[in-house]
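So the structure is just underneath, and the comments pick up after that.
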Protein chains: 2
Amino acid sequence: MKRLTLEEIGELAGVSRSTVSRVINGHPNISAPVRQRVEDVIRQTGYQPNSAARSLASSQSRVFGLVMPSILQSAFADPYYPLVIQAISHACNRNDYTPALFLFQTVEEEEKVSQRIVASGLIDGIIVTADTIESTFVNKIQQYDIPFVQIGRPPRSSLADVSYVDVDNEAGAYLATSHLMQLGYRRIGQLATAHNTAGADRDAGYRQALSDRGLPFDKSLIEVSDFSEAGGYGAMQALLDREPDAVFAQSDAIALGAIRAIRDRGLTVPDDIAVVGFDDMPLASSADPPLTTVRQPINRTGVLAVETLIDIVKTSPKPARHIVLPVELVIRASSGAVS
Amino acid sequence: MKRLTLEEIGELAGVSRSTVSRVINGHPNISAPVRQRVEDVIRQTGYQPNSAARSLASSQSRVFGLVMPSILQSAFADPYYPLVIQAISHACNRNDYTPALFLFQTVEEEEKVSQRIVASGLIDGIIVTADTIESTFVNKIQQYDIPFVQIGRPPRSSLADVSYVDVDNEAGAYLATSHLMQLGYRRIGQLATAHNTAGADRDAGYRQALSDRGLPFDKSLIEVSDFSEAGGYGAMQALLDREPDAVFAQSDAIALGAIRAIRDRGLTVPDDIAVVGFDDMPLASSADPPLTTVRQPINRTGVLAVETLIDIVKTSPKPARHIVLPVELVIRASSGAVS
DNA sequence: AAGAGAATTGAGAGCGCTCTCAACTTTTGC
DNA sequence: GCAAAAGTTGAGAGCGCTCTCAATTCTCTT
């Protein structure tokens, strides 16, 4: 079927191009019969406005870039990202935006592609996630005047200028650690992560909980991992030598790796060592034992990122928006609170 | 910084808009000094052509749609998809294409969005994956003349008309099942999947292997699951009553669930029941016990899908391209072949 | 019933690029 | 050394839409 133009739709409906354009864009002040006639023609012909022409004339594309700078193989395999992406995709669909995906594995790739997308007008706004503390990506795009929101807060230095959607990582870690302390555990280790603000905040919550209850902070009880199951396994192996009686893992994947390491050492969860995770991934509830963990609203995070970005595109508000979503502790068997 | 136009670049370089356009698009017959001058100006100004204007004039957008129709929550969490997406993203970046993501959770969503993207010219081509046997998505877009490739073969009925990239699922399952038979197992169950051709082909390979070695086919040894760990757990529980001595799982996630179910029943892998998976996900090698599985080249699948689509866009070749990639058996402890 | 104001519609000028065609310049063949 | 061919550049006409501005029609008021 041949692709129609506004002009041709107008002809079929007996009105001008301008009027058809008004109907499509929902302008007021169109008489009911005309609107009806035009809508009928559009429906019958299956007409879809040409998006290139639209964005050329209106200088907006209704495309958002979803950018994950310097993503690691393992990081992307963490179910967190698929779930965020799914939420973002859905929210975009609902709002007639198209999400374009930009994953960067090397600095050169990031350099080349981000340059192109930021300056070509392909994109109306950017959602950045998985940015590291050290990363320059957010700093880089701040120089252009393209709207963007970050998922996960940026480092303190750019906090004020950047709009973001985050979950309350500190409160979550505080909850998890306090929970373990209430159960009587005293040597509470942490499987931490580096290079991201979520990790830093979870670490802060862990320390705050210890100090609020007067438990001494023991640096040797912290092991650094990446966000993978394998990373958790390795870190826990190292931590086992320090004989913790409980451990707070900064993600469910890490917690699962930790449980495997504990088992391989011939110990039992939670009897010998209690484990708490973070995320409440689907697999947390079916783990063995079911994982006590901090549930974060991943879906809401993605949706709010899209909605915030739409708002920024429309109204370019100052100051930047900061959204922090609450988390909750989900108690299951791995912490020893329930059998 | 103000956004420049072709005209302005031309002015700065002392040539016309047309010449600058030629330089950018790599046309021949530009004198060396002129090309040099223009390239210098472009580099200094950081000029990027406006993509809307470009696609309006050339009627191609250099955007590909990555479509996953009727995706299920659980399906997308399978690490397979993140890995394919990553490969596709990377291949697009390298070829100056932009991947736009379309995940559909409901039929209405699919209807509305696909209508828009197919007819609006936003997209030069489509990569479809995760389509089901019953799905109408591929059939639907066949009616438009938009180039597309499918990842995973389509149902037989549209086989001839559809270009696709697939792995040799049947050979993989054959390998896996034969391996178990060679080890002496005789009651070899299968944790199968429905609604997708990969599942059907793996089932065919499983049956072929049994029949080639004269083992009777026992329908009661097949349980149907989805592609999740939880699905594998449930299906294996049911299968355990039929007392298999080995099981071929159609994915690693399913295999992991199966192992958990076997353990929960107080049995051991591989001593009581051997398990073989499919995919060779990162977690397969670190599983307990390490998983014998069929390795499929996910990265190559994604890259070839992009490259094939680019080729189709450029040359619209007939007949359709069919690419089937080889798989290999990776032997680890879970099948009892190695300790 | 006439004039003011509001509502409705159309005409026209771009948005920034590509691409054809024509003009001009250089090279080549004999 | 001159015509023909090839190489190089510029002008101009769109691509299909949005948006302003002006023209026309309708609706009130008094």
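It should be emphasised that the depicted structure is a prediction, and the values quoted were computed from it without experimental measurement. Just so we're on the same page: letters track the sequence lines, and every chain starts at 1.
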| message | If the helix axis at each end comes from five base pairs, how far does the helix from C/dA1-D/dT30 to C/dC30-D/dG1 deviate from straight, to 10°? | response | 30°
| request: Give a yes or no on whether the backbone of B/Y97 and the side-chain of B/N95 come within a donor-acceptor separation of less than 3.5 Å. | output: no
| B/S/- contact track for nucleotides 8-18 of chain C, protein heavy atom under 4.0 Å | BBBBBBBBBBB
| message | How long is the straight-line distance from CD1 of B/I146 back to CG of B/D124, given to the nearest 0.5 Å? | response | 7.5 Å
| task | Say whether A/R116 and B/N93, considering side chains only, have a donor N or O and an acceptor N or O under 3.5 Å apart. | result | no
| message | Can you tell me how far apart CG (B/L101) and CZ (A/F64) are? Round to the nearest 0.5 Å. | response | 15.0 Å
| Atom CG of A/L122 and atom CZ of B/R62: how far apart are they, to the nearest 0.5 Å? | 11.5 Å
| field | Side-chain donor or acceptor of B/H27 paired with backbone N/O of B/T19 under 3.5 Å | value | no
| query | How long is the span from the OG atom in B/S114 to the CD atom in B/E109, to the nearest 0.5 Å? | reply | 10.5 Å
